[in-house]
2 protein chains.
Amino acid sequence: MFELRLVQGSLLKKVLESIKDLVNDANFDCSSTGFSLQAMDSSHVALVALLLRSEGFEHYRCDCNLTMGMNLANIAKMLKCAGNDDIITIKADDGTDTVTFMFESPSQDKISDFEMKLMDIDSEHLGIPEAEYEAIIRMPSAEFARICRDLSSIGDTVVISVTKEGVRFSARGDIGAANIVCRQNATVDKPEDATIIEMQEPVTLTFALRYMNSFTKATPLAEQVTISMSSDLPVVVEYKVAGMGYIRYYLAPKIEEEEEEEVAAHAQTKPKAETKLKVETKPKVEPELMEVAEDEKESKPLAESKPKEEPQLLECHKLDEESKPLVDGKPKVENKLGASTNGEIEIMDIEQ
Amino acid sequence: MFELRLVQGSLLKKVLESIKDLVNDANFDCSSTGFSLQAMDSSHVALVALLLRSEGFEHYRCDCNLTMGMNLANIAKMLKCAGNDDIITIKADDGTDTVTFMFESPSQDKISDFEMKLMDIDSEHLGIPEAEYEAIIRMPSAEFARICRDLSSIGDTVVISVTKEGVRFSARGDIGAANIVCRQNATVDKPEDATIIEMQEPVTLTFALRYMNSFTKATPLAEQVTISMSSDLPVVVEYKVAGMGYIRYYLAPKIEEEEEEEVAAHAQTKPKAETKLKVETKPKVEPELMEVAEDEKESKPLAESKPKEEPQLLECHKLDEESKPLVDGKPKVENKLGASTNGEIEIMDIEQ
DNA sequence: GAACTGACAA
DNA sequence: TTGTCAGTTC
């Protein structure tokens, strides 16, 4: 049986609000180490990875590994019925195909339980490489959200450009062009207001603002956001879930025809090459839970990790002109617990 | 002539917001004892009864009994033009077919008057029995509203089940099932937070959430709501209007095929039998104003009233399979002041 | 005081 | 379904 209890139920509500717009259905993986989810967004362009470690819960019990397929909008609907101060308990008995959400009001006068049917969702467990990133930006999450929202009213894409001096967000559209520069600033009163840039190499990448704005739904979860970038690697936008884990969003950059130092100049004028998000499924031995458990001890989760000798699982590069998507829908790879799926799956970026 | 003056004009605004969505046109009955309204909702399933006693007004004058037919949405429209702190005066001269709403701003700097034509509305004065209820729940109105709203996202109907321990609200739908249990709790800091259950007999009834959610529009009027239930009687949902009277909503329960102790089990799976709301008009001698005038002295308005030897005027029971509505629209019974109408009117529940 | 969210009306 | 509004929160 599986049971978890979270006193600060609002955390779970926020987590679901953060991903329900991006992903329709997803498998939650429950193991003794924690509660996690990995899923591509419904247009198969972005990827969400959620981890809530067992230590973060007041009570956590998971007798055997368990995959629960659920519709995220439905979970969110039910969690909306929980008060912000409610204690949330999630239960799944072995052998049943339902999960129960229990909400206890702080006064214990009102106890609600919501039962939901589990779904059978075909999905591979995606391999996400622990890459070394050329630039990592840490900044107030609200500021990042504001920038993405503001730039959306100018254009559809943002060019993020990191130099030693700071990070520049640029957009360009019919009504004009915008540049927002944030300077590194570690000398603030409150650490959550800091903007810190760790840079090995200057990086300039272009992204669809539509997805960035989806990512910023997680802003209420954390004061700070971490944006990790390398040329030709998907950006990672990470929000910590206090004391429990994280939500990470991955998004492949749009490819420029030629690399330009002056990025803003042609940002919207030239058509971007299509971007392919290549995902390889790998044997699911839960390495993610292990690796990430370290990430809160050191505040730079990905930058200083040693280059792994693993294959590059998540990468993006220019598509041949006529290349077609190999898989245009849900990859039909069974991923029962313990089953090793090694097929390579390539997912076409439809309309980023 | 008729004239009333209410310093706390926001009360009247809230009252009209509470009923305008349920009822289109209605007759307001003005007598020396107060200002009242009884009307079925536009689909003839629910019934609203409003009473504002003359003592509640700063000034109240009613020379002779008077029925004013008005469109509630139009009144609400006009009242929206009044500030929340405005003093409201309503005037109707004899022999005219208009009513005037006057709004004085607190500073007296702005005085508005709105004139409205009265309508001739055919409607019987409905007889509402003073029944004895098997269970009466008193709880915070906001909590009741929250429960109805939450359950609406799960299903269309709510099963309300009262036992000594508390009251359970259940719903069931495509995405799952929900149970919300509220325990009796009289030992709270503020009396308006109390949940109190007076129960002679356990009761379980099923209602359409759509109507319940309409009723909760009255939530701003009162901190507490009273829900009175008996098997096979319409539920009464009552909100007090501070110092003046009340709004009561009546709704016939959906009939279960069989009475079940475990209600939730079949809540949504079996089609409910149609419910007929049988209303008998009776000579209008304003007994309601009399009776209800007592209801604030004792806080249990309906429960402890002696069983009356009146005919059961508002009842519901299963319809024969092919029975047709005898009256499918507005009952065409003239109800001029003082005229005694005794025809029996049966109104079909269309699609609760 | 500003921004966000949820509720309501068109 | 969308736009607006008010309440709430930070």
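It should be emphasised that the depicted structure is a prediction, and the values quoted were computed from it without experimental measurement. Letters A, B, ... mirror the listed sequences (proteins, then strands); counts begin at 1.
- Every residue meeting the ring-ring contact (aromatic ring centres under 6.0 Å, His included) condition with B:Phe103, not counting sequence neighbours, appears here in chain and number order: B:Phe114.
- Applying the side chain to side chain donor-acceptor pair (under 3.5 Å) test to B:Asp109 and every residue at least two apart in sequence or in another chain returns B:Ser107.
- Applying the ring-ring contact (aromatic ring centres under 6.0 Å, His included) test to A:Phe28 and every residue at least two apart in sequence or in another chain returns A:Phe35.
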Report task. Could you run through nucleotides 1-9 of chain D and give me one letter per nucleotide, 5' to 3': B if any protein heavy atom sits under 4.0 Å from the base, S if only the sugar-phosphate is that close, - if neither? Result -> ---------
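- Residues forming a salt bridge (Lys or Arg N to Asp or Glu O under 4.0 Å) with A:Lys77 (at least two apart in sequence, or on another chain): none.
- Among residues two or more places apart in sequence or in another chain, the ring-ring contact (aromatic ring centres under 6.0 Å, His included) test is passed with B:Phe57 by B:Tyr60.
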Please output the side-chain donor-acceptor pairs of residues 143-154 of chain B that fall under 3.5 Å, not counting sequence neighbours, one pair per line with the distance.
from     : atom 1 : to       : atom 2 : distance (Å)
B:Arg146 : NE     : B:Asp150 : OD1    : 3.2
B:Arg146 : NE     : B:Asp150 : OD2    : 2.9
B:Arg146 : NH2    : A:Lys80  : O      : 2.6
B:Arg146 : NH2    : A:Ala82  : O      : 3.3
B:Ser152 : OG     : B:Cys148 : O      : 2.6
B:Ser152 : OG     : B:Asn213 : ND2    : 2.4
B:Ser153 : OG     : B:Asp150 : O      : 2.6

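- With sequence neighbours excluded, the residues satisfying salt bridge (Lys or Arg N to Asp or Glu O under 4.0 Å) with B:Glu104 are B:Arg5.
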Requested in this report: Using a 4.0 Å cut-off on protein heavy atoms (strictly under), produce a 5'-to-3' string for nucleotides 2-9 of chain C with B for base contact, S for backbone-only sugar-phosphate contact, and - for none.
Outcome: -SS--S-S
